[in-house]
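Everything below concerns the one structure shown next.
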Amino acid sequence: MYKKDRILRAETRSWWEQVKASGKTPLGMLGVGITTVFFVLSVMGLIAHTAGMIKNTYAVIITVILFPSGMFFGLLLVPLAVFMGRRKMFAGSLTKEGFKIDLGNYLHRKILLLVLVLSVVNIALFTTVAYQGYHVMDNPAFCGLVCHTVMAPEYTAHKRSPHASVDCVECHIGPGIGGFLKAKFSGLRQLEGVLTGNYRRPVPTPVEDLPPATLTCQKCHSPEKYFGNIKKTSVGFSNDNQEKPIRQDILLHLGGRDPVTNSMQGIHWHAGHGLHIEYQSLNDKRTKIGAVKMIQADGTVKLFTKGAKSKNNLLPWRRMDCTDCHNRPTHIFDDLVGRVDFGLGSKKIHPEIPGIRQDSLTVLQKQYGSRDEAAARIVEDLKMLQEKRNGADFVTKNDKAITDSGAFLKETYLDNIWPSMKITWGTYKSQIGHRDAEAGYGCFRCHDEEHATESGETISQDCGLCHKMPD
Ligand code: HEC
Ligand code: HEC
Ligand code: HEC
Ligand code: HEC
Ligand code: HEC
């Protein structure tokens, strides 16, 4: 029989002929086929990508990740086929002893040269593609789109923040190969979650393994920069007063390294070089803080503790950094009332329409089943409320003003609310200031005059410590 015949002839064939014959199984041919097809696709994709012809993120992912992976897979099938075929056909006659490369042999030289050339081509292609793939994976669009539903809220908030041009990886991945690998491993875990639908909604915050700010924020911002006092102005309205803004200015003692005294002062004092602060929280959210340590450059420690010394539920010490105050430097979700008042102040919501402030707040707090439903209904719902309040004639006469106001509300809703991720107003709170102090957010977690040293010193809540209200 054919097969038996081959086995019998095995002794008399050179190792190369045996390898070739072993590879000529359906699996081997499949491998060669897949490799060839994906090699051609990869090269074409690479040319198109380099020429800037591919703009769509999904298309980029296919060309720089899927095609080369296909080629790699095909390449793996070939040795596998040889290995399996060898066992079947030559019953072990293809031995180490028989495997000799003879440079005097023309055929061997030809094979060697072919293997060398192909390897060089493959390695060159792979490194080019891997380099491109690495950059694609570093791109916010990749993070935002690959985990579409999961990351869409952060992606959207990031796009309209002061950090819109800073890539996700600048803050989320530590530098160097270590940071990259760590992120890719936890990325794999997250990918599994996305594929199986098994992830937490909303995505929990704070992010446990966020790299320390020294490796991220401080690459671009110096903690010692002197700001002195900065003025923050907020504008507010009320339901009875939609037209005349109530302005509130406060002067924040942001500080930094004082150019005269050379000492760190003000709010940024916590983040200066030399001294640092550590704390132990009582929960994952870091909204309850059990103990605070102030460590001077010379090692002197001042320890503040609160309440009974129940040490058993304290989490490990954490070194306070930028993100303990700036926890939302880029994923900025609006404050509901603040956003509506911004709309009134900027006339994106027409303040001359009676009751529009209250109706806007009502519409934005409606529980829509999905973002699509909200997008389709918000303008209509605002009109319905206005009809009830001001009558159908009024609504017809002021159609444009109400529609424009509704369009702003729709945009505001879509920037902030994600029913599928269970994100609504106030889901992600800021640690800056003390607006959400009741819920355990902000400066008053420590500045509550209840954390005390053994000698009774506390962390001050004196209003003048952090800001001055201009009179
Ligand atoms: C300027 C720095 C910065 C950039 C750029 C950035 N992030 Fe974040 N991100 C943070 C910080 C800080 C937190 C942690 C908040 C906390 O710990 O309380 C965070 C938290 C998150 C969370 C957890 C949920 C949440 O809102 O707290 C996700 C998801 C996330 N980021 C995704 C992204 C994606 C996707 C991008 C790019 C589109 C991105 N981040 C870009 C700083 C950044
Ligand atoms: C790759 C550089 C880069 C990194 C990393 C970075 N930032 Fe920024 N940051 C910027 C730029 C650029 C701006 C905008 C500056 C401007 O417009 O004046 C900015 C602005 C800011 C602002 C002012 C925002 C405002 O409302 O005006 C704060 C606060 C801030 N960054 C904090 C952080 C924190 C906290 C981190 C780390 C989690 C961080 N940044 C990481 C580049 C960076
Ligand atoms: C103790 C809390 C705290 C810490 C820690 C902190 N900041 Fe701030 N930072 C503030 C506050 C409060 C403001 C005032 C502006 C605001 O309310 O957003 C501010 C403002 C800023 C601004 C904007 C200044 C402007 O022009 O408006 C930048 C940039 C900034 N911080 C960067 C950093 C960086 C980088 C770090 C870490 C090295 C850091 N901050 C650590 C509380 C803090
Ligand atoms: C993790 C705890 C903690 C948090 C959170 C915290 N602080 Fe502090 N802060 C301290 C400690 C401790 C001191 C030093 C108290 C002392 O000197 O006895 C301090 C001191 C200060 C000082 C005086 C600095 C100086 O010049 O001596 C200011 C101003 C200040 N904090 C502002 C803020 C602001 C604003 C926030 C919120 C954005 C904030 N802190 C959040 C722990 C904290
Ligand atoms: C530990 C520092 C700190 C102390 C103490 C402090 N504040 Fe503030 N406060 C802030 C910061 C920071 C902001 C700015 C928040 C922002 O940028 O959004 C702020 C903002 C405000 C605002 C503006 C509205 C808002 O909530 O954002 C008011 C009003 C205010 N503080 C009142 C007070 C009063 C009254 C006291 C004294 C009981 C006080 N604060 C004590 C840090 C402090």
Side-chain angles (χ1 to χ4, degrees), residues 158 160-175 206-207 210-234 250-258 261 263-273 275-281 286-296 301-306 317-332 430-437 440-449 451-453 455-468:
H158 169 262
R160 60 190 190 95
S161 83
H163 288 109
S165 59
V166 177
D167 289 352
C168 316
V169 296
E170 300 268 10
C171 296
H172 282 279
I173 299 184
V207 180
L210 202 70
T214 39
L215 303 179
T216 57
C217 322
Q218 295 191 30
K219 289 266 177 291
C220 301
H221 302 281
S222 162
E224 307 236 316
K225 176 176 174 176
Y226 187 66
F227 288 101
N229 293 332
I230 63 165
K231 189 160 97 175
K232 280 214 107 178
T233 304
S234 61
I250 54 170
L251 270 187
L252 284 172
H253 305 317
L254 192 50
R257 189 162 298 280
D258 187 310
T261 64
S263 63
M264 278 299 283
Q265 46 149 281
I267 296 172
H268 274 171
W269 163 89
H270 303 79
H273 298 311
L275 163 149
H276 74 271
I277 293 188
E278 293 182 7
Y279 68 87
Q280 282 182 303
S281 26
R286 304 183 189 146
T287 51
K288 285 202 182 104
I289 289 178
V292 182
K293 235 173 11 186
M294 187 174 120
I295 304 161
Q296 303 280 5
V301 176
K302 201 158 148 186
L303 176 70
F304 300 86
T305 53
K306 183 172 174 173
W317 287 102
R318 175 182 156 80
R319 186 174 175 149
M320 184 180 185
D321 71 20
C322 318
T323 62
D324 286 294
C325 297
H326 296 281
N327 65 329
R328 315 234 59 94
T330 191
H331 312 302
I332 305 166
S430 168
Q431 300 282 17
I432 291 268
H434 42 82
R435 209 162 295 158
D436 288 307
Y441 286 82
C443 319
F444 292 178
R445 289 177 297 164
C446 295
H447 289 263
D448 60 355
E449 307 205 341
H451 290 81
T453 61
S455 63
E457 274 180 82
T458 59
I459 308 176
S460 169
Q461 203 176 89
D462 176 6
C463 314
L465 180 73
C466 306
H467 53 72
K468 174 167 158 230

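Positions are given from 1, in the same order as the sequence printed here. For ligands, and for the atoms within them, numbers begin at 1 and follow the listed sequence.
- Nearest protein heavy-atom neighbour of atom 16 (C) of ligand 3: K232 NZ, 3.6 Å.
- Distances from atom 5 (C) of ligand 3 to the heavy atoms of C446, G266, C325 put C325 nearest.
- Ligand-side atoms of ligand 3 in range of C322: 34 (C), 35 (C), 36 (C), 37 (C), 38 (C), 39 (C), 41 (C), range being under 4.0 angstrom from any heavy atom.
- A donor and an acceptor atom, one from each side chain of Y279 and R318, are located under 3.5 Å apart.
- Applying the 4.0 Å criterion to heavy atoms of C466 picks out, from ligand 4, the atoms 32 (C), 35 (C).
- Contact atoms of ligand 3 toward Q218: 38 (C) (distance under 4.0 Å to a heavy atom of the residue).
- When each atom of ligand 4 is checked for a heavy atom of F304 under 4.0 Å away, the hits are 12 (C), 18 (O).
- With hydrogens left out, the protein atom closest to atom 24 (C) of ligand 2 is P162 CG, 3.7 Å, a heavy atom.
- In this comparison of C443, G442, G433, the heavy atom closest to atom 36 (C) of ligand 4 sits on C443.
- Residue C171 comes nearest to P211 through the heavy atom pair O-CD, 3.4 Å, listed as atom of the first residue, atom of the second, then distance.
- The protein heavy-atom contact nearest to atom 25 (C) of ligand 3 is F227 CE2, 3.9 Å.
- Every atom of ligand 4 is numbered from 1 in the order shown, and the set under 4.0 Å from a heavy atom of L465 is 22 (C), 23 (C), 28 (C), 29 (C).
- When only non-hydrogen protein atoms are considered, atom 17 (O) of ligand 4 lies nearest to M294 SD, 4.0 Å.
- Distances from ligand 2 to the non-hydrogen atoms of A213 include no value under 4.0 Å.
- For S430 against R328, the heavy-atom pair with the smallest separation is CA-CG, 4.1 Å.
- Looking at H434 against ligand 4, nothing comes within 4.0 Å, counting heavy atoms.
- Remark: minimum distance from atom 13 (C) of ligand 3 to any protein heavy atom is reached at L254 CD1, 3.5 Å.
- With atom 8 (Fe) of ligand 2 as the vertex, NE2 (H221) and NE2 (H163) define an angle of 170°, rounded to 10°.
- T458 and F304 get closest at one heavy-atom pair: C-CE2, 4.0 Å.
- Of the protein's non-hydrogen atoms, I267 CG2, 3.5 Å is the one closest to atom 42 (C) of ligand 3.
- Of the protein's non-hydrogen atoms, the one nearest atom 6 (C) of ligand 3 is H268 CD2, 3.4 Å.
- When the heavy-atom distances from atom 15 (C) of ligand 3 to I230, T323, I432, D321 are ranked, the shortest goes to I230.
- Inspection of the T323 and D321 side chains reveals an N or O donor paired with an N or O acceptor under 3.5 Å.
- The contact set between ligand 2 and C217, taken as ligand atoms under 4.0 Å from a residue heavy atom, comprises 34 (C), 35 (C), 36 (C), 37 (C), 38 (C), 39 (C), 41 (C).
- No part of M264 comes within 4.0 Å of ligand 4, judged by heavy-atom distances.
- The closest heavy-atom contact to atom 2 (C) of ligand 2, among the options C220, P212, A271, A164, comes from C220.
- Under a 4.0 angstrom heavy-atom cut-off, K219 registers as lying outside contact with ligand 2.
- E278 and H276 share a side-chain donor-acceptor pair at under 3.5 Å.
- Between L254 and the options H268, K232, Q265, K225, a side-chain contact (heavy atoms from CB on, under 4.5 Å) holds for only H268.
- If you look at D324 next to ligand 4, there are no close heavy atoms at all, none under 4.0 Å.
- Between atom CD of residue E170 and atom SG of residue C220 there is a gap of 6.0 Å, rounded to the nearest 0.5 Å.
- Under a 4.0 Å criterion applied to the non-hydrogen atoms of K302, ligand 4 contributes the atoms 18 (O).
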Verdict with supporting geometry, K288 and S281, side chain to side chain contact (heavy atoms under 4.5 Å, CB included): CA-CA 6 Å; K288 285 202 182 104; S281 26; over 6 Å; no
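- Atoms of ligand 4 lying under 4.0 Å from at least one heavy atom of R445, given by number and element, are 5 (C).
- Closest heavy-atom approach to atom 9 (N) of ligand 3 among the candidates H326, Q431, H447, K225: H326.
- In summary, of the residues considered (K302, H270, M320), a side-chain contact (heavy atoms from CB on, under 4.5 Å) with M294 occurs for K302 alone.
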